[in-house]
Protein chains: 2
Amino acid sequence: MARPPNPKPVTMKDVARAAGVSVMTVSRAFKADTSVNSETRARIHAVAEEMGYVFDVMAANLRAQKSDFVAVTIPTLSNANFADTVDALSRGLAGEGLQVLLGYDNYDVDEEERLIEQLLRRRPEAIVVTGGTHTPRTRRLLGNAGIPVVEIWDLPADPIGHVVGFSNAGCIEDMVDHLVAKGYRRIAFIGGDPEQDTRGADRKRGFLRAMRRHGLDAGRAAGVGRSPASMQSGARALTRIMAEHPDTQAVVCVADQSAFGALTECMRRGIRVPEDLAIAGFGAFEVAAICVPTLTTIDPLPGRIGARTAELLLALRAGTAPDGPQTISITPALRLAQSTGDG
Amino acid sequence: MARPPNPKPVTMKDVARAAGVSVMTVSRAFKADTSVNSETRARIHAVAEEMGYVFDVMAANLRAQKSDFVAVTIPTLSNANFADTVDALSRGLAGEGLQVLLGYDNYDVDEEERLIEQLLRRRPEAIVVTGGTHTPRTRRLLGNAGIPVVEIWDLPADPIGHVVGFSNAGCIEDMVDHLVAKGYRRIAFIGGDPEQDTRGADRKRGFLRAMRRHGLDAGRAAGVGRSPASMQSGARALTRIMAEHPDTQAVVCVADQSAFGALTECMRRGIRVPEDLAIAGFGAFEVAAICVPTLTTIDPLPGRIGARTAELLLALRAGTAPDGPQTISITPALRLAQSTGDG
DNA sequence: GAGGTTTATGTTATCGGTAACAAGCGGCTG
DNA sequence: CAGCCGCTTGTTACCGATAACATAAACCTC
């Protein structure tokens, strides 16, 4: 049983010899829609299974000048929304035999550059990058790669290729509009480190724009440090905001994690939500729907982003996609709940 | 700018021609520790960058009979703990130029079999599988693959190769022991569909064993359906338990998600935690540390699992690992908090 | 300055598959 | 029965890189 690990894995040549046919016949036997005598094919399969033969996709792909890879970059796996997007994307591509090759850039455009360079060496058939802000070199690498490029989770002003995303600024504006319509005026923002998480920064920009548009004070803000935003940092940010602006009526957060952290801090301090303070988040994470009170949030529909991206890539492969770069705009859904008095 | 996508990507041959040298010299120019005139090397790099040359790892690896891949299977990405393990693993391997090739089996051993078969075709240099329960064919495939196999997140009775994990049953036993020591007697369990999530089933087995050992009633239980356990299903399970066994004093949950869902249901019903009911979870997810009251839980140290696995694989590659299959046992940490009166 | 060594580069064969072409063979047609 | 067709199988070259070996020039050493 404990055979020594095969130093030389079994190849088609070995199978061919054992089955008494040529390598080409073995190759054909492993491909559908090829003319091989059905008995021969069965025998080859039996011999191969018996010998523990494992098809070498790499070699086949080298010859066929393809890879069956789709490279994907996300900031981090530790975010259920990105995970959902990747999950839907993988699922959508798996049917066509495409494998997702995943990399993380930790919300850092320089790491993204290194990562993309590394991923491109695997000759993926398409590349999906999260976000629309990149280094010049990254843009050049992607532009010259000769493969479909899709930027997701954003609506870049100057896209590299295709886009499947939404406006991070826009949906926070909608959230502020909703709060203003409900009568809130002294509204604060938690999150948005401009140097790092560009989508977080976009959300803050949306907040500022909306507040100015309504003629309200846009000076109430507290950062949460490096992304991903943690629940702990949300709690700390709330403490800071209430210390500096005790009369704040509502808080809009860059993410549900921050919002939930702020909510728990309110519970500890006896601040009633939403009576004393309204709280809104972003992301429609599971916690938002179940915590007490439930959290008003924005659902960016991460699964839909992944699924639409997969559809787009398959259409491009099949040649059924319209000409030119596609921009597929996803409309995030406002999920009103108890934390803003909408329950 | 909008040049038509290169139908034929640039190869070393093209670079060689453009630089007026042979392919071999270009190959050397891209490898450290090879003797190439430094001016020539610089010129080749310049020409390559200018032409948009991208090194083809696949071809190089075919020749070198390696892949730089480590295949990893996890049940799902939608679980921060698995994500943390993969994250630490990727990070540990990245330094040696190893790429993680990730696949999801959705807590299903048959899907796992298909997945592993597919991953092996890429000729990974090692394979890491989450869990210690597999189909016979999967065991055969892994055993014959001739590469290091590591089972993680479990301590299988009959390991295929190496192991980096912990006893899922054991740590729930510890949790029950703790509750019994604190005076709780009527303890219920939430979760553990035996047909599907084998680690969840192990945890339930640990619960039953501990209860019987203490001579207590092990009949209080409610499932949460298919994994991954959701917060919603935890809330429903609590409702069911309290309907059937209103005098329950404590609830042990298969995961923090279930525990938090149960906690929110208590808040809605006016059940005080921990005064009327103690709640314990598993996983040490972020929510456990921040919610009110904070949740007693078990931290399986997912990052450490990933990091130790990476270390093991690197040692095996370097030939510095001890002979024979290694079993690295991780000791999960009990995190006592308010929900069991330990805050 | 002959012989040995180092440095820089080229040539050939090869990794494990497969496209393209070739060929053997039985059956069918006129 | 010559000729053509379809089915099955084999042969050759090649995908893009590189190990191994070969070679040419420069550089020492006694």
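Residue numbers begin at 1 in each chain, while the letters A, B, ... track the order of the sequences.
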- Message: So if I take residues 36-49 of chain A and measure heavy-atom distances to DNA chain D, which residues fall below 4.0 Å?
- Response: V36(A), N37(A), T40(A)
Which atoms of nucleotides 15-17 of chain C (N or O only) lie under 3.5 Å from a protein N or O atom, and what are those distances?
unit_1: dC15(C); atom_1: O3'; unit_2: Q65(B); atom_2: OE1; d: 3.1
unit_1: dC15(C); atom_1: O3'; unit_2: Q65(B); atom_2: NE2; d: 3.0
unit_1: dC15(C); atom_1: O2; unit_2: R63(B); atom_2: N; d: 3.2
unit_1: dG16(C); atom_1: OP1; unit_2: Q65(B); atom_2: NE2; d: 2.6
unit_1: dG16(C); atom_1: N2; unit_2: A59(A); atom_2: O; d: 3.2
unit_1: dG17(C); atom_1: OP1; unit_2: Y53(A); atom_2: OH; d: 2.9
unit_1: dG17(C); atom_1: OP2; unit_2: M12(A); atom_2: N; d: 3.0
unit_1: dG17(C); atom_1: O5'; unit_2: Y53(A); atom_2: OH; d: 3.3

- Task: Taking all heavy atoms of M12(B) and all of F55(B), pick out the closest pair and write down the distance.
- Result: CE-CE1, 3.8 Å
Report each atom pair, protein N/O against N/O of nucleotides 21-24 of chain D, whose distance is under 3.5 angstrom.
none

Ignoring hydrogens and angles, write down the donor-acceptor pairs under 3.5 Å from the side chains of residues 23-31 of chain B, residues two or more places apart or on other chains.
unit_1: T25(B); atom_1: OG1; unit_2: S22(B); atom_2: OG; d: 3.3

- Message: Does R304(A) have more than 12 heavy atoms from other residues, nucleotides or ligands lying within 6.0 Å of its CZ?
- Response: no
- Query: Going by atom types alone, do T34(A) and R41(A) pair a side-chain donor with an acceptor below 3.5 Å?
  - Reply: yes
- Query: Heavy atoms, side chains only, cut-off 4.5 Å: are D158(A) and R139(A) in contact?
  - Reply: yes
- Quick one: are T138(B) and E112(B) in side-chain contact, heavy atoms under 4.5 Å? yes
- Could you tell me the separation between the CZ atom of R17(B) and the P atom of dG16(D), rounded to a whole number of Å? 12 Å
- Over how many whole Å does the gap from N61(B) atom CG to dT14(C) atom C1' extend? 15 Å
Return all side-chain donor-acceptor pairs below 3.5 angstrom for residues 86-106 of chain A, not counting sequence neighbours, or 'none' if the list is empty.
unit_1: D87(A); atom_1: OD2; unit_2: R91(A); atom_2: NH2; d: 2.7
unit_1: S90(A); atom_1: OG; unit_2: V86(A); atom_2: O; d: 2.8
unit_1: D105(A); atom_1: OD1; unit_2: Y107(A); atom_2: N; d: 2.9
unit_1: N106(A); atom_1: ND2; unit_2: E111(A); atom_2: OE1; d: 3.4

- Query: Between T25(B) and dA8(C), does any side-chain N or O lie under 4.0 Å from OP1 or OP2?
  - Reply: no
- Task: Give, for atom CD of Q326(B) and atom NE2 of H162(B), the distance between the pair rounded to the nearest 0.5 Å.
- Result: 6.5 Å
- Query: How many angstroms lie between CG in D56(A) and OG1 in T11(A), if you round to the nearest 0.5 Å?
  - Reply: 9.5 Å
- Under 4.0 Å between any heavy atoms, over every strand shown, what does S35(A) touch: base, sugar-phosphate, or nothing? Just pick one. base
- Determine, for E117(B) against R114(B), whether the closest basic-nitrogen to carboxylate-oxygen distance falls under 4.0 angstrom. no
- Select one nucleotide: of dG10(D), dT18(D), dT8(D), the one nearest the side-chain heavy atoms of K31(B). dT18(D)
- Map V21(B) and F30(A) onto DNA chain C by nearest heavy atom, then report which one ends up closer to the 5' terminus. V21(B)
Just list the side-chain donor-acceptor pairs under 3.5 Å for residues 148-156 of chain B, sequence neighbours left out, or say none.
unit_1: E151(B); atom_1: OE1; unit_2: I160(B); atom_2: N; d: 2.9
unit_1: E151(B); atom_1: OE2; unit_2: H134(B); atom_2: NE2; d: 2.8
unit_1: W153(B); atom_1: NE1; unit_2: T85(B); atom_2: OG1; d: 3.1
unit_1: D154(B); atom_1: OD2; unit_2: G132(B); atom_2: N; d: 3.2

